[in-house]
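Here the structure is laid out as structure tokens; the discussion comes afterwards.
Nothing here was measured: the structure is a model prediction, and the numbers come from that model. For the single chain, residues carry numbers from 1 onward in sequence order.
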Amino acid sequence: TGVTCYSFPLSPEWKLSARDAYNGLLLWQRDMGPWFPHLFPLKSGPASMPRRLVADQKHLYVTMAVDDLVSVIDNATGETVRKIAGTETTREIVLAGGKLFLVRGDAGQTFVTAADPTSGRTLWDKNHAVAALTLAANEKQVVFFSGSELVAFTPQTGMPLWTANVRPSNPRSKNKTQASDWISARPSRLILHDDVILFGLASSVYAFSATDGKPLWKAPYPGSGYA
């Protein structure tokens, strides 16, 4: 019998797998294309990478390579149903109200894109700075942090709803969010829940109204290591 040797400096073979949630049995597995370098930096890849895969009851939405289009994959078989045109360099995927909302681009230029996963059509595409891990959406609005302000778009057309300025209490804080930097090591956090937006930046957490962007409250929070 042959001996299989593994060495972490070697190029990895990335796989997309589906398993039975009850017993862990492998249902299907597919090869993936070139992915982000697994040693850059060691153990600390981009925090946005897990946000490239979302699922509903029938389909999986994922990029099968680091700069690939978004693929719509059948949950049961693992077969590609379609690829969505105009979704190259997708960095984050959010599914809300039957639509996909994407952050695309790189540190030089980013876009917020809406797509219909059923038809594979791009609904709208807006050139705008977006900080990593801050895209959120529901049936009423698409919200993100631009690096200096919160921005809300309509999910149907991508038209602006409102903006709200956000400035960290300590501008010298090491926990800074750079707009359009999807490889950020210290990204901010944004949660959209009903009509409230919770947003963590530097050493403060903020609450805003999702309806009009008005601030509700602000509180300090300490650093938490790797969290």
Side-chain angles (χ1 to χ4, degrees), residues 44-56 90-105 107 109-114 123-124 126-227:
S44 300
S48 63
M49 295 299 281
R51 287 168 63 96
R52 291 169 174 256
L53 185 153
V54 297
D56 57 24
T90 291
R91 305 309 184 200
E92 300 185 31
I93 305 173
V94 172
L95 175 65
K99 298 181 180 66
L100 294 177
F101 301 98
L102 318 171
V103 176
R104 302 188 304 106
Q109 190 176 47
T110 53
F111 298 84
V112 182
T113 304
L123 302 177
W124 50 262
K126 302 291 184 179
N127 184 352
H128 206 295
V130 184
L133 302 192
T134 66
L135 180 69
N138 57 24
E139 294 183 353
K140 297 179 181 179
Q141 58 260 311
V142 180
V143 185
F144 58 90
F145 181 55
S146 70
S148 61
E149 59 185 8
L150 294 179
V151 180
F153 287 167
T154 60
Q156 294 80 14
T157 63
M159 296 300 293
L161 282 173
W162 52 259
T163 60
N165 289 327
V166 185
R167 301 294 181 184
S169 302
N170 179 9
R172 296 184 178 181
S173 171
K174 294 182 179 179
N175 188 11
K176 294 181 180 180
T177 295
Q178 301 294 327
S180 307
D181 184 5
W182 70 283
I183 308 180
S184 173
R186 296 183 178 90
S188 299
R189 302 290 190 274
L190 188 150
I191 298 173
L192 174 60
H193 179 68
D194 294 335
D195 293 327
V196 177
I197 297 168
L198 297 176
F199 178 60
L201 176 66
S203 58
S204 298
V205 59
Y206 304 80
F208 292 85
S209 167
T211 303
D212 53 19
K214 291 183 178 179
L216 302 177
W217 52 262
K218 172 186 172 183
Y221 74 89
S224 56
Y226 287 99

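Side-chain contact check for D56 versus L95: some heavy-atom pair is nearer than 4.5 Å. Side-chain contact check for L201 versus Y206: some heavy-atom pair is nearer than 4.5 Å. At a threshold of 4.5 Å between non-hydrogen side-chain atoms, the residues W124 and V112 count as touching. Contact of the V54 side chain with the V94 side chain is not registered, since no non-hydrogen atoms from C-beta on lie closer than 4.5 Å. Between V166 and F199 there is a side-chain heavy-atom pair separated by less than 4.5 Å. Using a 4.5 Å heavy-atom threshold, the side chains of Q141 and L192 count as touching. The shortest distance between side-chain heavy atoms of V143 and V151 does not fall below 4.5 Å.
Shown here is K140, whose NZ atom has no more than 12 heavy atoms of other residues, nucleotides or ligands within 6.0 Å.
Between the T134 side chain and the A131 main chain, a donor and an acceptor come within less than 3.5 Å of each other. Using modelled atom types, one side-chain atom of E92 and one backbone atom of L133 make a donor-acceptor pair closer than 3.5 Å. Here the side chain of D194 pairs no donor or acceptor atom with the backbone of V196 at under 3.5 angstrom. Proximity of a side-chain donor or acceptor of R91 to a complementary backbone N or O of G105 within less than 3.5 Å is detected. Judged purely by atom type and a 3.5 angstrom limit, R51 uses its side chain to pair as donor or acceptor with the backbone of L135. Side-chain atoms of W217 do not come within 3.5 Å of backbone N or O of F208 as any donor-acceptor pair.
Counting all heavy atoms, side chain and backbone alike, G200 lies closest to S188 at O-CB, 3.1 Å. Considering every non-hydrogen atom in both A137 and A96, the closest pair reads O-CB, 3.6 Å. Minimum interatomic distance between L190 and A136 (heavy atoms only, all atoms of both residues): CD2-CB, 3.6 Å. Nearest heavy atom pair, residue A164 against residue G213, reads CB-O, 3.4 Å.
Side-chain contact of T113 with R104: a donor-acceptor pair under 3.5 Å is present, judged by distance alone.
Once rounded to the nearest 0.5 Å, the distance linking CG of D212 with CH2 of W162 reads 8.0 Å. Atom CZ of F101 is separated from atom CG of N138 by 8.5 Å, given to the nearest 0.5 angstrom. Distance check, rounded to the nearest 0.5 Å: CD1 of I93 to CZ of R52 gives 8.0 Å.
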Would you be so kind as to tabulate the donor-acceptor pairs closer than 3.5 Å made by side chains of residues 152-160, with sequence neighbours excluded?
residue : atom : partner : partner atom : Å
T154    : OG1  : T157    : OG1          : 2.7
T154    : OG1  : G158    : N            : 3.3
T154    : OG1  : M159    : N            : 3.1
T157    : OG1  : M159    : N            : 3.4

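Below 30°, between 30° and 60°, or above 60°: for F144 and H128 the angle between ring planes is above 60°, a perpendicular geometry.
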